[in-house]
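Some notes on the structure that comes next.
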Protein chains: 2
Amino acid sequence: MEAMPYNRPMLLALLRKHDISPTHQRLEIAQVLFRRCHHLSADQILVMVNKRHAETSKATVYNTLNLFRDCGLIREVIVDPKRVFYDPNTEPHHHLYNVDSGEITDIAADALSVSGLPDLPPGMVTVGVDIIVRIRASDSLLG
Amino acid sequence: MEAMPYNRPMLLALLRKHDISPTHQRLEIAQVLFRRCHHLSADQILVMVNKRHAETSKATVYNTLNLFRDCGLIREVIVDPKRVFYDPNTEPHHHLYNVDSGEITDIAADALSVSGLPDLPPGMVTVGVDIIVRIRASDSLLG
DNA sequence: CTCTACATTAGACAAAGTCCAATAATTGAA
DNA sequence: TTCAATTATTGGACTTTGTCTAATGTAGAG
Ligand SMILES: [Mn+2]
Ligand SMILES: [Mn+2]
Ligand SMILES: [Zn+2]
Ligand SMILES: [Zn+2]
């Protein structure tokens with residue numbers, strides 16, 4: 001896994017490499033996504049990006065996340081029916097999901113192996129294999 | 001895996017066993033869920049249950065699905081950010097998800113093995129491991 | 001600097017799901 | 001069987017996540 005780009009020049013180069021016009025808003029959103037390698041929802045990103053000055057709209061956050069996703073810069077993590085999380089790590093990997101807190105943690109793909117995947121129907125191809133390990137505190141309700 | 005209950009008496013017994021009052025609406029919903037062992041969304045169930053006569057409200061469908069889920073009669077399948085699917089098969093198993101058509105197919109748990117799951121943080125316990133194999137037609141866009 | 005293509009925006013809209021307070025059904029005890 | 005108490009159902013308001021649109025703003029090639 002390569003290092004994440006931290007600073008403006010690196011982010012700018014990253015966007016240019018993907019033929020994305022590096023607007024102010026896109027750079028701000030990229031910075032939030034790539035600086036700390038977290039799993040964030042659109043709403044969390046909207047708040048973070050407008051922390052200093054309100055300068056990015058909800059529509060732009062969604063536009064940008066969809067653009068970055070389509071370009072393969074980020075990927076979606078579907079673990080919570082209430083909202084999508086965006087993951088700056090596009091290397092194959094899996095997730096630990098704390099169902100109480102909502103916290104999402106990476107599991108390296110090479111730490112983990114799956115065998116016995118079924119043959120696909122003819123003419124079908126695998127887009128990806130997502131493994132989600134749902135965890136909770138052992139003393140929480142039901143425990 | 002045991003056979004699914006088809007008819008009214010069996011469904012009635014199933015609900016009673018879980019201390020669920022077997023109302024007309026709950027029996028209709030159970031019948032839709034258990035008769036054909038599909039993965040259905042709340043909206044699909046609402047439509048199916050009201051096919052003959054409109055007799056069950058949206059609120060009741062959601063109430064009932066949440067009740068059945070809390071009782072362990074069904075489980076949720078989280079693969080599509082747009083809606084939850086409900087699965088009458090609560091045995092451990094995994095899913096093939098056709099991202100184009102939305103079709104969900106079961107993968108038997110014993111067909112498949114995962115090794116290398118990480119140690120959990122102390123005091124944490126696994127609720128479940130979900131594996132989703134996302135597939136599409138090899139000649140679809142991008143293919 | 002100008003022009004054009006592209007990006008951003010507010011706010012309307014849509015869909016999934018929850019909540020509420022009024023009504024209706026179920027149930028078990030009398 | 002009756003009846004009161006409990007529990008379930010309901011329409012519709014509400015919330016949240018996300019998309020769309022048409023008006024405005026901006027970037028950057030020439
Ligand atoms: Mn939802
Ligand atoms: Mn959604
Ligand atoms: Zn991740
Ligand atoms: Zn299933």
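All values derive from a computational prediction rather than experimental measurement. Below, all heavy atoms of this structure are taken into account, side chains as well, without hydrogens, waters or symmetry copies. A, B, ... follow the sequence lines: proteins, then strands. Residue 1 opens every chain.
The shortest distance between the side-chain N/O atoms of B:Gln25 and the OP1/OP2 oxygens of D:dT10 is below 4.0 Å. Residue A:Arg83 places no side-chain N or O under 4.0 Å from the OP1 or OP2 atom of D:dG18. Between A:Thr23 and C:dT8 there is a side-chain polar atom (N or O) within less than 4.0 angstrom of OP1 or OP2.
Between B:Arg52 and B:Glu28 there is no salt bridge, since no side-chain nitrogen of the basic residue lies less than 4.0 Å from a carboxylate oxygen of the acidic one.
Between the CD1 atom of B:Ile45 and the P atom of C:dA16 there is a distance of 13 Å, rounded to whole Å. In this structure, CZ of A:Arg16 is placed 12 Å from P of D:dA27, rounded to the nearest angstrom. Rounded to a whole Å, the CD atom of B:Glu55 is 18 Å from the P atom of D:dA8. Per the geometry, CG belonging to A:Asp19 stands 15 Å off C1' belonging to D:dA27, to the nearest Å. To the nearest angstrom, C1' of C:dT18 lies 15 Å from CG of B:Asp43. Between B:Lys82 atom NZ and D:dG18 atom P there is a gap of 9 Å when expressed in whole angstrom units. Atom CG of A:Leu27 is separated from atom P of D:dT26 by 16 Å (rounded to the nearest Å). For the pair B:Arg26 CZ and D:dT10 P, the computed distance is 11 Å after rounding to whole Å.
Taking both residues in full, the closest heavy atoms of A:Pro92 and A:Ala109 are given as O-CB, 2.9 Å, listed atom of the first, atom of the second, then distance. Shown here for B:Pro121 and A:Ile135, the closest heavy-atom pair between the two residues is CD-CD1, 4.4 Å. Closest of all the heavy-atom pairs between B:Leu27 and B:Leu12 is CD2-N, 3.9 Å. The shortest non-hydrogen separation linking B:Leu40 to B:Met48 is CD1-SD, 4.0 Å.
Judged by distance alone, with hydrogens and angles left aside, B:Lys58 brings no side-chain donor or acceptor close enough to the base of D:dG11 to form a pair under 3.5 Å.
Listed nucleotides D:dT10, C:dG17, C:dT9 differ in distance to A:Ser57; the shortest reach to its side chain belongs to C:dT9. Side-chain proximity of B:Ala59 to the nucleotides C:dT9, C:dT27, D:dG12 is greatest for D:dG12.
Between A:Val79 and A:Asp130, the closest side-chain pair of non-hydrogen atoms is not below 4.5 Å.
Mapping B:Ser41 and A:Thr56 onto DNA chain C by nearest heavy atom places A:Thr56 closer to the 5' end of the strand.
Contacts of B:His39 classified as ring pair (Phe, Tyr, Trp, His ring centres under 6.0 Å), with partners at least two apart in sequence or in another chain: B:His95.
Near DNA chain C, meaning a heavy atom under 4.0 Å from it, residues 60-70 of chain B has B:Tyr62, B:Asn66 in order of number.
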